[in-house]
Protein chains: 2
Amino acid sequence: MSTPEQPLQPLNANEEALLRELGRVMIVLPRVIDADMMREEHLPLSEYTTLMYLSEAPNRLMRMSELAATCNLSLSGITRVVTRLEKQGLVERVRCDEDARGWNAVLTDAGLARLEKAWPAHLASARRHVFDHLEGTDLTQLIHALRRFAT
Amino acid sequence: MSTPEQPLQPLNANEEALLRELGRVMIVLPRVIDADMMREEHLPLSEYTTLMYLSEAPNRLMRMSELAATCNLSLSGITRVVTRLEKQGLVERVRCDEDARGWNAVLTDAGLARLEKAWPAHLASARRHVFDHLEGTDLTQLIHALRRFAT
DNA sequence: AAAGAATGCTTGCTCCGTCAAGTAATCCAC
DNA sequence: GTGGATTACTTGACGGAGCAAGCATTCTTT
């Protein structure tokens, strides 16, 4: 390549290998976990995750925008997830007291029950695809690295 | 929960944290790298990856099914990527000599040039979102763990 | 050598998530 | 306190990726 360019060091062999594995995992892992959840619980991973974060919020309630950020979804994305969950009676939308522009998504009792029914499948999937392969890995170090990715 | 169930140990705090970070990275990392590639090169990550793997194949040529597996795409997914690349003149489809059902995707000279133009953007993105945050991480250990995920 | 099974790839359909534009409510300047 | 900007969320249009059905070719059996 003959064009002038910034001094970018190429990757070494280890970095190259990491990048390719990361590419694979990024694509495949969400797919297989979602497939597990669909097969065993007919609950997409996105909906499971949303229920999970809602269940941990005070009063099982979160503003839409807050929920979107927590779930790593766009605002329109969370609108659609919540609409689907609402149709199943698992969450409700209630207007926000202090700001009538805002909406809270609230986890219903049915939603909590659904989550409690579904979590073993999610846990099993996570074990199967992730934790069963972590022997000899320093978790703390790994978490620390992941936490800074894509920020 | 009162239903009988398999003895699933819940996750400890570290595992819980890892799972959530992994959830975030799986979702966000492909998105930001793709966004970088689009902004700087108008080349989606899926197309870049496809060109890259093709460039490394003998004769810059691969069977569709082989390419799909390598790129972690479904067969129909790779059909569509290759069709888009073909429209841009970056790859060609040529019938497979030894089996007329099969097709090879071949990287054209234009495709190779496109790849060489684009890779600095990809490398920079990978550095920015991944490698710049790996200080103090044992790469070999990490690669080894990732390689076994979702298999 | 002809018919039926299997293989390799493509196409039709659908889902899911993004972006951009739209709507409704609030904040701010004056 | 009224008009214009800003904010919170929703909706419409779009695109990417998967599955299942379809089409063409090859293999297998007799």
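Naming convention: chains lettered A, B, ... in sequence-line order (proteins, then strands); numbering from 1 in each chain. Since this is a predicted model, take the numbers as computed values, not measurements.
Across the interface with DNA chain C, nearest-nucleotide mapping of Val81(A) and Asp97(A) shows Val81(A) to be the residue nearer the 5′ end. Taking the nucleotide of DNA chain C with the nearest heavy atom to each of Glu98(A) and Ser76(A), the more 5' of the two is matched to Ser76(A).
Within 3.5 Å, no donor on the side chain of Thr79(A) pairs with an acceptor on the base of dC9(D), nor the reverse. Counting distance only, with no hydrogens placed and no angle test, the side-chain atoms of Arg101(A) and the base atoms of dT7(D) include a donor-acceptor pair under 3.5 Å.
For Met62(A) and dC9(D), the CE to P distance is 12 Å, given to the nearest whole Å. In this structure, Leu75(A) atom CG and dT23(C) atom P are separated by 17 Å, rounded to whole Å. In this structure, Trp103(B) atom CH2 and dT26(D) atom P are separated by 12 Å, rounded to whole Å. Distance, Leu43(A) CG to dC16(C) P: 11 Å, rounded to whole Å. If you take CG of Leu45(A) and P of dC15(C), they are 19 Å apart, rounded to a whole angstrom. Spacing between atom CD of Glu47(B) and atom P of dG16(D) amounts to 8 Å, rounded to whole angstrom units. Distance Ile33(A) CD1 to dG18(D) C1': 18 Å, rounded to the nearest Å. As a whole-Å value, the separation of Lys87(A) NZ from dC16(C) P is 11 Å.
Considering only side-chain N and O atoms, Ser46(A) lies under 4.0 angstrom from the phosphate OP1 or OP2 of dG17(C). A close approach under 4.0 Å does occur between a side-chain nitrogen or oxygen of Ser65(A) and OP1 or OP2 of dC9(D). Under 4.0 angstrom from either OP1 or OP2 of dT26(D) there lies no side-chain N or O belonging to Arg95(B). For dT10(D), the OP1/OP2 oxygens have no side-chain nitrogen or oxygen of Arg80(A) closer than 4.0 Å. Checking the phosphate oxygens (OP1, OP2) of dT18(C), a side-chain nitrogen or oxygen of Ser74(A) falls inside 4.0 Å.
A salt bridge between Arg31(A) and Asp34(A) is absent, with no side-chain N of the basic residue lying under 4.0 Å from a carboxylate O of the acidic one.
Partner of Glu47(A) under the side-chain contact (heavy atoms from CB on, under 4.5 Å) criterion, chosen from His42(A), Arg84(A), Met52(A): Arg84(A).
Atom OG1 of Thr151(B) and atom CG of Leu146(B) lie 11.5 Å apart (nearest 0.5 Å). One finds the CZ atom of Phe131(B) at 8.0 Å from the CZ atom of Phe149(A) (value rounded to the nearest 0.5 Å).
The side chain of Arg84(B) lies closest to dG16(D), out of dG16(D), dT10(C), dG8(C).
Residue contacts shown for Thr83(A) are absent, as no nucleic acid heavy atom lies under 4.0 Å away. Note on Gly77(A): a base of the nucleic acid sits closer than 4.0 angstrom, heavy atoms only.
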For this session: In sequence, state the C-alpha distance, the side-chain angles, and the governing distance for Glu41(B) and Arg114(B), and then conclude on side chain to side chain contact (heavy atoms under 4.5 Å, CB included).
Result: CA-CA 9 Å; Glu41(B) 290 292 337; Arg114(B) 187 82 181 80; 3.3 Å; yes
